[in-house]
Q: 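Got a structure for you, questions after.
Every number for a ligand or one of its atoms is a count from 1 in the order of the listing.
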Amino acid sequence: MEFFLDTANLEEIEKAKEMGLIDGVTTNPSLLAKEGGDWRSQAREICQMVNGPVSLEVVATEAEEMVREARDLVQFGPNAVIKIPMTLEGIKAVNRLSEMDIPTNVTLVFSVNQALLAAKAGANYVSPFVGRLDDIGTTGMDLVYQILEVYAQYDFATQVIVASIRHPEHVLQSAQMGAHVATVPFAVLDKLASHPLTDKGLEKFLQDWKKIA
Ligand code: E4P
């Protein structure tokens with residue numbers, strides 16, 4: 001499973017790069033707004049820093065305008081992937097972009113039927129938002145399971161990015177289900193490496209070592 005970092009923060013990207021754990025980045029308008037400053041130079045810098053796909057989202061709501069924005073965003077780097085919201089206008093745009101060989105990530109996906117439309121339109125990635133489904137009292141990971149099941153039936157090439165990840169359990173389940181990608185916030189990436197027994201064990205090894213060093 002690939003790990004994308006779900007952030008627009010350059011420091012977090014740098015740290016994850018040092019860990020050698022990052023296969024790509026996903027941003028969205030909220031994440032870029034959180035960083036402030038000039039979003040265009042921020043997005044360009046992210047594309048330069050990352051050796052893998054970087055999702056940049058359009059903010060238009062009509063297909064024609066989405067395509068225009070996408071053509072601008074792909075200039076940010078050869079690794080730019082255009083995030084398109086899951087609406088009928090979005091699906092129209094994905095069809096057009098797919099014909100133009102511009103890679104897309106269909107975002108804000110909350111049902112299997114939405115994921116099916118995205119795949120049929122030729123999306124490279126689809127992003128089911130598991131945390132936001134959990135927030136409304138449903139089990140977000142069930143959606144990932146069902147999307148993978150349907151995609152396998154028809155051999156769709158669309159890859160599933162598990163998005164809106166809130167905790168390590170989401171990552172574990174994504175891997176168990178065979179999701180292609182998990183896009184993780186930095187705080188979750190950090191937690192994946194930790195275990196209290198690892199800390200306790202290391203402390204003991206180091207204490208014992210002092211006896212003979
Ligand atoms: C990534 O593609 C999504 O934009 C992101 O995971 C959404 O996460 P949130 O629900 O925590 O905002």
Q: Between K204 and D208, is the closest basic N to carboxylate O distance under 4.0 Å?
A: yes
Q: For residues N105 and S55, report the shortest heavy-atom separation together with the two atoms involved.
A: ND2-OG, 3.1 Å
Q: Which residue and non-hydrogen atom of the protein lie closest to atom 3 (C) of ligand 1, and at what distance in Å?
A: F129 CZ, 3.4 Å
Q: Report the distance from atom OG of S164 to atom NE2 of H170, rounding to the nearest 0.5 Å.
A: 7.5 Å
Q: Looking only at heavy atoms of R166, does any of them come nearer than 4.0 Å to an atom of ligand 1?
A: yes
Q: Which of the atoms of ligand 1 are close to N28, meaning less than 4.0 Å from one of its heavy atoms?
A: 3 (C), 4 (O), 5 (C)
Q: So does D135 pair up with R166, basic N to acidic O under 4.0 Å?
A: yes
Q: Can you list the ligand 1 atoms lying under 4.0 Å from a non-hydrogen atom of R132?
A: 7 (C), 9 (P), 10 (O), 12 (O)
Q: Side chains of S98 and R96: donor-acceptor distance under 3.5 Å anywhere?
A: no
Q: Return the option from D6, V109, V184 holding the heavy atom at the smallest distance from atom 6 (O) of ligand 1.
A: D6
Q: Start with the C-alpha gap between N124 and Q159, add the side-chain angles, then the distance that decides, and say whether side-chain hydrogen bond (donor to acceptor under 3.5 Å, both in side chains) holds.
A: CA-CA 6 Å; N124 300 67; Q159 297 204 2; over 6 Å; no
Q: Could you identify the single nearest non-hydrogen protein atom to atom 8 (O) of ligand 1 and state the distance to 0.1 Å?
A: S164 CA, 3.4 Å
Q: Which ligand 1 atoms does K83 reach within 4.0 Å, using its non-hydrogen atoms?
A: 1 (C), 2 (O), 3 (C), 4 (O)
